[in-house]
Participant: 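Mind having a look at this structure? Questions to follow.
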Amino acid sequence: MEMNHCKECGKEIVEDKKICENCRKKRNEKWNKVGTGIGLAGTVLLGVITKNKFK
């Protein structure tokens, strides 16, 4: 089995992967935080728009 190096941290990984599991986990955690922030902002914006329509 040949080894590659992770594009993010340089660790040796299996040949068919480009990013190691550790870097992939960190990247997914970051995107989850961004998604949560966008979702919360969208909910607040929708609430404000809906409230203004019913006045």
Side-chain angles (χ1 to χ4, degrees):
M1 182 169 24
E2 292 188 29
M3 300 298 272
N4 260 351
H5 292 287
C6 175
K7 289 183 177 181
E8 298 293 319
C9 66
K11 287 174 97 175
E12 284 191 348
I13 54 175
V14 181
E15 183 181 0
D16 61 342
K17 300 194 184 221
K18 295 182 179 182
I19 298 175
C20 69
E21 292 298 321
N22 189 34
C23 291
R24 184 174 290 129
K25 182 178 178 185
K26 286 180 185 176
R27 180 180 282 179
N28 287 343
E29 287 174 357
K30 186 186 300 181
W31 280 107
N32 284 341
K33 288 179 184 176
V34 169
T36 302
I38 291 172
L40 183 61
T43 302
V44 169
L45 182 62
L46 183 64
V48 168
I49 291 171
T50 305
K51 186 177 180 183
N52 287 339
K53 283 186 177 181
F54 288 114
K55 278 189 171 181

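As a basis for the values below, the full set of heavy atoms in this structure was taken, side chains included, without hydrogen atoms, waters or symmetry mates.
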Participant: How long is the span from the CD1 atom in I38 to the OG1 atom in T36, to the nearest 0.5 Å?
Facilitator: 9.5 Å
Participant: Distance check, rounded to the nearest 0.5 Å: H5 atom NE2 versus K11 atom NZ?
Facilitator: 13.0 Å
Participant: With rounding to the nearest 0.5 angstrom, report the CG to OG1 distance, L45 to T50.
Facilitator: 9.0 Å
